[in-house]
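First the structure, in the form of structure tokens, and then the observations on it.
Ligands are counted one by one from 1 in listed order, and the atoms in each one are counted from 1 as well. Since we're looking at a predicted model, the values are computed, not measured.
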Amino acid sequence: MKAFIKFYFFLLLIFLNFACAPKPYYVIPNEWKTPERKDSVINFYSKFLNGWKIFIDPGHGGKDRKNIGIKKRIVEADVNLKVALYLRDYLAKAGVTVFMSRDKDTTVSLEERVKMATESGADIFISIHHNAMPGDENTFYASTWYHAVEGDPKFHPCNRDIARYIQRDLAYALRISGSLASFDGTMSDYLVYPKQGFYVLRNATMPAVLVECTFFTNEYEERKLSIDEFNRIEAWGIFKGIAKYIQAGIPKIEFISDTILTSEKPTILLKVSDKSGIDKQNIQIKIDTILVSKDHITTIDGNGFAIVLFTPNFKLTEGTHQIDIIVRNKNGNSSFPFKRNIYIYKQKQVTEP
Ligand SMILES: [Zn+2]
């Protein structure tokens, strides 16, 4: 009997421990004060987001449920999915077509995730995760990851642009700083896997980032992650980051002609448009991976914006070449990857009839 009473006393202690533990500190966004205000924020960003296609990839799930919180309160796969579903709702409400690698607890391989994203035709890929530091229960921060490092042929600045915007608003929404290993909290995936990076970022066929909202190996953070309201705040931070990134504009590049005649003065005409204007100091053009000197690039104002590439000293042979262009707008956002073939032909002699 005594053992019986002891057992119930023990259960009561456990109950009191949970019931009396103070609610972990987090901040409910000001914009959530009334449902109308929250809707008006989503409405405002729909001006920019409407028509975009975004692929959300909640990490792990199904057979992969091994990442568990330090006090076993949460499974990373489940929290990733919760945040992803809330993010889907915010984006969809703002007019985005959302695709997901999974919307329930199912097994999806990394290869399948990338394949689904490619087939969806999405503009941007966003993978959602939560972080772990085994053996260090104190560490936690918010981080957003992009592929490769500057100077590496696999690096494209647009991925870091997206990461910067998401990181900034996520960190603010969660009131969690970034890691001091990075000035702005964005991280290269080469820090974890040098020269390789994360599978999904390395193989994504569209601009891609991976978000690690906070750490489930920190007890306090894990408690927050188990609260539904906090998961919604995580999604809200990511949503606002994406929205502000797209609001800042992404320069659009179009060919006027991809066929160049070698006689006269061979030029490549391109039209570049952006509502905030193009940063003329930051035009990077490579032909067959060789950087074209700034002396050969002339910018022309007028109908939208155009870049003319003069190639008097360029001994481009006849045939097919590859051009790779990156331009930046005045808000600092780079264009999406633009790699195209150009065709060089000798001008035919025009004979008088
Ligand atoms: Zn993960």
Open item on the list: Among the N/O/S atoms of Glu76, which is closest to the Zn ion (ligand 1)? Give the atom name.
Closed with: OE2

- [ ] Would you check if the Zn ion (ligand 1) lies under 2.8 Å from any N, O or S atom of His130?
- [x] no

Give the table of side-chain donor-acceptor pairs shorter than 3.5 Å for residues 283-292, with sequence neighbours excluded, one pair per line with atom names and distance.
| residue | atom | partner | partner atom | Å |
| --- | --- | --- | --- | --- |
| Asp288 | OD1 | Gln322 | N | 2.8 |
| Asp288 | OD2 | His321 | ND1 | 2.6 |

Open item on the list: Strictly under 2.8 Å, is the Zn ion (ligand 1) approached by any N, O or S atom of Glu212?
Closed with: no

TODO: Carefully, step by step, assess Asp189 and Tyr146 under the rule side chain to side chain donor-acceptor pair (under 3.5 Å).
DONE: CA-CA 6 Å; Asp189 58 358; Tyr146 55 87; over 6 Å; no

Task: Residue His129 atom name (nearest to the Zn ion (ligand 1); N/O/S) - done: ND1

Open item on the list: Suppose we screen for salt bridge (Lys or Arg N to Asp or Glu O under 4.0 Å). Which residues come up paired with Glu229, at least two apart in sequence or across chains?
Closed with: Lys23

Open item on the list: Is the positively charged end of Arg88 above the ring of Tyr86, judged by distance under 6.0 angstrom from the centroid and angle within 45° of the axis?
Closed with: no

